[in-house]
Amino acid sequence: MNESVEIVGSFADEQACAHCIEKLRELRALAVRVFSPIPSHHIEHAIGKPKSTVRAFVLSGGILGILTALALTIGTSWEWNLVVGGKPIVSWPPFIIIMFELMILFGGISAVLSFLFNARVPAFEIEKGYSSRFSEDRFGIVVRCAEGESARVESILKDAGAEEVVREAA
Amino acid sequence: MAAAVQDSTTPTFRDVDRGVLRVMEMPGLLYWIWVAFCFSLVGIAAALWTRQIYSGLGVTGLRQPVMWATYITDFVFWVGIAHSGTLISAILFLFRTRWRTAVYRAAETMTLFAVATAGLFPLVHLGRVWNAYWLLPYPNERFLQPNFRSPLVWDAFAVSTYLTISALFLFMGLIPDVANAREQATGWRKTFYSILSMGWQGTDEQWRHYSMAYLLLAGLATPLVLSVHSVVSWDFAMAQLPGWHSTIFAPYFVAGAIFSGVAMVITLLVPMRKWLHIEDLLTPWHFDNLAKVVLLTSLIVSYSYATETFMTWYSGDKIEQMTFHMRYFGPWGWMFWVMVACNCVIPLLLFSPRIRVNLTALWIISIFVNIGMWFERFVIIAGSLAVNFNPSQWGSYTPSITEIMITVGSFAWFLGLFSLFARFLPIVSMTELKEGIAWLRKALRKDYAKAA
């Protein structure tokens, strides 16, 4: 049986790292994860994953905020239905301000919660292949492949400019 | 610094880390004396507030008709200060403005602590602070609910939303930086940063969701920042008092808030840059851009003063005209002219590119702006109340020692919290500086380096 291994390539340059990911994709080698000290559009583009679902959560949160504000302002006005300054009990214009504020509040909280949920944070385990330098100044690519293909993957990583290539058991 | 300027390949990611993480090493005795001094002043203010709660608002200088004065001025001042943080961190983020990267964390931290300070003043201003929760809509046996047509309730919602979103925005930005600090820390700091970074490792999945969440948070914070000070301005503009009842208050207050906030960022950053030895990260290029924002908003504020005066004359409203006459030439007229000098005249010096990169001059100008903007709020709030519709009701106001010391305490509280943050958490965003490192290199290479 051909056992799989994980090969970790470490890059000093963001562009070289992105270029390497593209090459790996062309060869259908699986880059299981990429570590980066900064958010990188080049790397994100090279990986080619779809846009984050956080957007849907924020939209839902915003709509929920508006509905909550509607319920709150109209509900409490009906409950304490005192006419102030001859204005109607349900006065729309001032209620829009509360709707706006709660839309932002709920949308913002949804953004953070959905980020935590989708990105699996808090993470209690260290991902395989992680090195402290990937939080500092190096970009890392972890490739999973069959033992027999490892030499080819290692050479791709080195050719693309990897400073260091390490092999780990999958 | 000189080496960094000569070599175009520096600073590197490592240099950025070293520069920021060095600041987070254990501070010396002088730092702790400063923090202790700040919190002693907070202690004095807290003691005076306790006395005020026990004795009532009689210990303040508040008398009919001036029932809003120093405390509300402080509230508006601190909410205003809070605005530049979100401007720099959210609005300039959406515009991809490169110079924000070095200053945004400090501005955001300032925002959070400024809102936290501002939020105290409506409570301090309350005669019966134990009833503060009446502002919140909660089910109760008498079906009594807050009046959502009142700007004070809008304000409670706007300021608490702003505080929450600012805190979340700051927290989100901190995660990758704290993870970086975690890798190089030891002892209790490692534990502290590990908890705060929540196991962040910078994987592509984490960045994918993080970038989207951060972008959307910035998108939400942008209209929020404009709404909050608009809502604060409506606390006044919705009333029918001459001097308050003005339709230009919302944009006028927002511009004023950004003006005072950016000035406060400069006031904090100039000494911080020197004391924390981060000259390589905070270059005159950054200050030059901050100064341009101060200049632009100063011009908007000056235009607003002129428009307000013109509209008063053009309206033909005698009562309004008398209020403004008293504002310019009455017993408190000197405050108005101090405000004009600090907010409209002195900032004109910033038209000079030399002054914009002369950090001492810039720092002094920023302090004048802070003074001017405090007086602006006082002139509008207390000045308009003192001269209302009926001359027989006209009155005056002198702040008591309680109000003065609580105001001083609020500055100490703000500076103490900011100082604590600056030495224990990354006060400059390492992640964003690295992201825009090419720009930092350019900034260090250009003429600005000579000015430093």
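Given the structure is predicted, the values throughout are model-derived calculations rather than measurements.
- By a heavy-atom distance cut of under 4.5 Å, not one residue of residues 189-196 of chain B is near chain A.
- In terms of non-hydrogen atom pairs under 4.5 Å with chain B, the most contact-rich of A:A12, A:S91, A:A69 is A:S91.
- With rounding to the nearest 0.5 angstrom, the OG atom of B:S89 is 6.5 Å from the CZ atom of B:R100.
- Only the side chain of A:R133 comes within contact range of chain B, with heavy atoms under 4.5 Å apart.
- Contacts between A:L82 and chain B at a heavy-atom distance below 4.5 Å involve the backbone alone (N, CA, C, O).
- Here the closest non-hydrogen pair linking A:G108 and B:I165 is CA-CD1, 3.7 Å.
- Counting non-hydrogen atoms of other residues, nucleotides and ligands closer than 6.0 Å to CD1 of A:I126 gives a total of 12 or fewer.
- For the atom pair CG (A:D137) and CZ (B:F13), the distance works out to 8.0 Å, reported to the nearest 0.5 Å.
- Proximity of B:Y210 to A:P39: side-chain heavy atoms (C-beta onward) are nowhere separated by under 4.5 Å.
- If you look at A:F115 and B:Y214, their ring centroids are not closer than 6.0 Å.
- With ring centers used as reference points, A:F35 lies under 6.0 Å from A:F134.
- A distance of 7.5 Å separates CG of B:L226 from OG1 of B:T222, quoted to the nearest 0.5 Å.
- Within the model, atoms OG of B:S227 and NE2 of B:H229 stand 11.5 Å from one another, a figure rounded to the nearest 0.5 Å.
- For the atom pair OG1 (B:T111) and OH (B:Y104), the distance works out to 12.0 Å, reported to the nearest 0.5 Å.
- Looking only at heavy-atom pairs under 4.5 Å with chain A, the residue among B:E432, B:M430, B:Q184 that has the most is B:Q184.
- Residues of residues 96-106 of chain A that come closer than 4.5 Å to chain B, counting heavy atoms only, are A:I97, A:I98, A:F100, A:E101, A:L102, A:I104, A:L105, ordered by residue number.
- Using a 4.5 Å cut-off between heavy atoms, A:E125 touches chain B through its backbone atoms (N, CA, C, O) alone.
- Heavy atoms closer than 4.5 Å to chain A are found in the side chain of B:I175, but not in its backbone.
- The main-chain N or O of B:Q145 is never found under 3.5 Å from a side-chain atom of B:N147 such that the two would form a donor-acceptor pair.
- A salt bridge links A:R33 with A:E127: the closest approach of a Lys/Arg side-chain nitrogen to an acidic carboxylate oxygen falls below 4.0 angstrom.
- Put simply, CD1 on A:I141 and CD on A:E6 are 13.5 Å apart, with the number rounded to the nearest 0.5 Å.
- Closest heavy-atom contact between B:A90 and B:A218: CB-O, 3.7 Å.
- Heavy atoms closer than 4.5 Å to chain B are found in both the backbone and the side chain of A:T76.
- When each of A:A111, A:P37, A:G107 is checked for heavy-atom pairs under 4.5 Å with chain B, A:P37 comes out on top.
- The neighbour count for A:F117 CZ, taken as heavy atoms of other residues, nucleotides or ligands under 6.0 Å away, does not exceed 12.
- Contact of the A:Y130 side chain with the A:V142 side chain is not registered, since no non-hydrogen atoms from C-beta on lie closer than 4.5 Å.
- Most heavy-atom pairs under 4.5 Å with chain A: of the set B:D17, B:L216, B:D177, B:V16, this distinction falls to B:L216.
- Scanning residues 46-60 of chain A against chain B with a 4.5 Å heavy-atom cutoff picks out A:I47, A:K49, A:P50, A:K51, A:S52, A:T53, A:V54, A:R55, A:V58, ordered by number.
- Under the 4.5 Å side-chain criterion, counting only non-hydrogen atoms from C-beta, A:V5 is not in contact with A:E168.
- Of all heavy-atom pairs spanning B:V254 and B:S230, the tightest one is CG2-OG, 3.7 Å.
- The aromatic rings of B:F249 and B:F236 stand perpendicular to each other, their planes meeting at an angle above 60°, with 30° marking the opposite boundary.
- Most heavy-atom pairs under 4.5 Å with chain A: of the set B:P223, B:A179, B:S211, this distinction falls to B:P223.
- For A:E136, the parts lying near chain B are the backbone and the side chain together; criterion is any non-hydrogen pair under 4.5 Å.
- The ring of A:F11 has its center no closer than 6.0 angstrom to the ring center of A:H19.
- In this structure, the side chains of B:I427 and B:V20 stay at 4.5 Å or more apart for every pair of heavy atoms.
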Any chance you could lay out the salt bridge (Lys or Arg N to Asp or Glu O under 4.0 Å) test for A:E147 and A:R167, step after step, and finish with the verdict?
CA-CA 10 Å; A:E147 178 72 54; A:R167 184 187 298 213; 2.6 Å; yes
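- Listed in order of number, the residues of residues 197-208 of chain B that approach chain A to under 4.5 Å between heavy atoms are B:M198, B:G199, B:W200, B:Q201, B:G202, B:T203, B:D204, B:E205, B:Q206, B:W207, B:R208.
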